[in-house]
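In what follows, a single structure is set out as structure tokens and then discussed.
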Amino acid sequence: MNKIKLFDPCISEQEEKQLIRALRSGHWASGGGSNLVNLFEKKFAKYIGAKTCVAVNNGTSALHLALSEADVTGNEVILPSLTFVSTAHSVLYNNGKIKFADIDPTTLCMDIDSAKKLVTKRTRVILPVHFGGMPADLRSLGNLAAETDSLLIDDAAHAAGATFQGKKIGSIGAMSCFSFHPVKNLAMPTGGLVALNQKNFKQARKKLLSLRWCGITDRKEADYDVKELGWNFYMNEFSAAIGLVQLATLDKLNKKRLNIAKRFHKDFDVERKMPLNTECSYHFYWILSKNRKQFRKKMADLGIETGIHYRPVHTMTMYKTGTNLPVTEEISKQIVTLPTHPNLTEENLDKIIEATNEFCKS
Ligand SMILES: Cc1ncc(COP(=O)(O)O)c(C=O)c1O
């Protein structure tokens, strides 16, 4: 039985060709930025319509780096708990304080009213997550950021190619953080990126480029200075080589994901499922199941891999504070994620739909 994977990168001969070219170039990585990495930054910035971009080694580093530019130390960041732990870790890496907001029960993105209630004088960043590629309400959240003199920094790990009101995710927030982990819509062995749109984007880029490579500045030949603590976060050439090919096919592959989501939305006979939104990049598709354990077992027995995204961060041992997030808690007990990757065949889709309806019929 051929297993249906939850995530599966889509590759062609082009990735292989470009990888071999990068390998033979003898130039594999450089902290100061190198050929393919610089090219990827430029092409991705153009694709999303961002002022500029800084490529890094993963999405966690992108969040860590972006928040280092946002006066977070001793201050507060509002974010959802239904996310990968990196979103929350990035606040702690920068010595900030986490304020978990609840989610909207339809989109599963951060709920604006819940976020509003958490605002204090110490709020510095509003940090929504585009859950599964579903665009968070960046208009309302952007207004909230403006009213509170904070920065809108979005976690766009699931949202490469997604749009909000016709504009690409990555062109709206002050900074947007992407992940190019192999499971993501734009896949690399490992990679991430900060898109910058704030007023002082040139200055911010310069600073982030330095922090991306151990805080190194003022390089002249072999001489350089270090004025503040940075990290080893730069992207390598192999990731960029693959990323450039993936970027060229991203829209085509996202369209396939959208068509899969359309089919699921139409044919799943379940009470609660991911809404249909043509602006979503459908990193996965979710449904709610009251008998999640049995449903996932049945799917696994049929060779269909499913996931749980996510156990909420505020329930993890290190983040437990007694915060009460009723919608997040209810949904996280029932959510099951299903594949939307473009390697799925029509037969795979039929099988997923039939098995889901048989078990979860409303
Ligand atoms: C919502 C979200 N944020 C951040 C990250 C971190 O990205 P990376 O794994 O590239 O560090 C991920 C990756 O899974 C994610 O799903």
Side-chain angles (χ1 to χ4, degrees), residues 5-9 37 40 44 53-68 77-94 98 100-101 103-104 107-110 125-136 138 141 152-162 169-170 173 175-195 212 231-236 238-240 242-243 246 257 274 280-286 307-314 316 319 328 331-332 335 337 339-341:
K5 290 205 241 164
L6 178 57
F7 298 112
D8 195 22
V37 172
F40 180 79
F44 196 77
C53 287
V54 174
V56 290
N57 57 346
N58 57 58
T60 307
S61 302
L63 286 157
H64 184 158
L65 204 57
L67 261 64
S68 77
V77 177
I78 300 175
L79 66 152
S81 171
L82 195 73
T83 183
F84 185 59
V85 285
S86 293
T87 322
H89 283 359
S90 67
V91 181
L92 301 191
Y93 294 147
N94 285 288
I98 289 171
F100 285 121
I103 49 168
D104 177 286
T107 63
L108 311 196
C109 295
M110 189 151 78
V125 177
I126 310 289
L127 178 53
V129 176
H130 305 292
F131 187 82
M134 187 63 69
L138 292 185
L141 293 163
L152 176 67
I153 301 180
D154 46 335
D155 181 335
H158 302 174
I169 298 292
M175 285 180 264
S176 302
C177 304
F178 291 86
S179 162
F180 305 127
H181 181 278
V183 301
K184 298 296 191 295
N185 294 37
L186 191 161
M188 296 180 181
T190 163
L193 176 139
V194 185
R212 174 178 83 171
W231 306 279
N232 198 339
F233 282 173
Y234 59 86
M235 183 183 276
N236 70 71
F238 300 117
S239 286
I242 293 181
Q246 291 266 307
R257 287 177 184 271
M274 193 167 183
C280 178
S281 54
Y282 288 102
H283 173 49
F284 49 64
Y285 192 90
W286 60 260
I308 296 177
H309 290 82
Y310 295 92
R311 172 173 163 185
V313 182
H314 78 287
M316 304 276 179
Y319 283 100
T328 301
I331 285 184
S332 64
I335 194 162
T337 40
T340 49
H341 58 77

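Residue numbers run from 1 in the order of the sequence given. Every value quoted in this text rests on a predicted model; they were computed, and no experiment measured them. Just so you know, ligand 1 is whichever comes first in the structure, and atom 1 is the first atom listed for that ligand.
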Looking at [atom], what's its closest protein heavy atom, distance included?
atom                    : result
atom 12 (C) of ligand 1 : Phe84 CD2, 3.7 Å
atom 16 (O) of ligand 1 : His158 NE2, 2.9 Å
atom 6 (C) of ligand 1  : Thr60 OG1, 3.5 Å
atom 2 (C) of ligand 1  : Ala157 CB, 3.4 Å

What atoms of ligand 1 come within less than 4.0 Å of a heavy atom belonging to [X]?
X      : answer
Ser86  : 4 (C), 6 (C)
Gly59  : 6 (C), 7 (O), 8 (P), 10 (O), 11 (O)
Ser179 : 7 (O), 8 (P), 10 (O)
Leu63  : 4 (C)

Answer with yes or no whether the side chains of [Y] and [X] bring together a donor and an acceptor at under 3.5 Å.
X      : Y      : value
Thr190 : Asn58  : no
Thr87  : Asp155 : yes
His89  : Tyr319 : yes

Checklist line | Of Tyr282, Phe178, Phe7, Phe284, the residue whose pairing with His158 passes ring-ring contact (aromatic ring centres under 6.0 Å, His included) | finding: Phe284
Next item on the list: Decide if the gap between the ring center of His309 and the ring center of Trp286 is smaller than 6.0 angstrom.
Entry: no
Margin query: Please state which option from Leu193, Asp155, Val183 has its nearest heavy atom closest to atom 4 (C) of ligand 1.
Written below: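 Comparing heavy atoms across Leu193, Asp155, Val183, the nearest one to atom 4 (C) of ligand 1 lies in Asp155.
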Next item on the list: Kindly identify the option in His283, His181, Lys184 whose heavy atom sits closest to atom 13 (C) of ligand 1.
Entry: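 Considering heavy atoms of His283, His181, Lys184, the nearest to atom 13 (C) of ligand 1 sits in Lys184.
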Item checked: Structural part of Tyr310 in contact with ligand 1, heavy atom criterion under 4.0 angstrom ->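 For Tyr310, the contact with ligand 1 is made by the side chain alone.
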Next item on the list: Please work out whether any backbone atom (N, CA, C, O) or any side-chain heavy atom from C-beta onward of Thr83 is under 4.0 Å from ligand 1, and answer side chain, backbone, both or neither.
Entry: side chain
Checklist line | Close side-chain approach of His181 and Phe84, heavy atoms under 4.5 Å | finding: no
Margin query: With rounding to the nearest 0.5 angstrom, report the OH to OG1 distance, Tyr310 to Thr337.
Written below: 8.5 Å
Next item on the list: Decide side chain to side chain donor-acceptor pair (under 3.5 Å) for Asn185 and His283; before the verdict, give the C-alpha distance in whole Å, the side-chain angles of both, and the deciding distance to 0.1 Å.
Entry: CA-CA 6 Å; Asn185 294 37; His283 173 49; 3.3 Å; yes
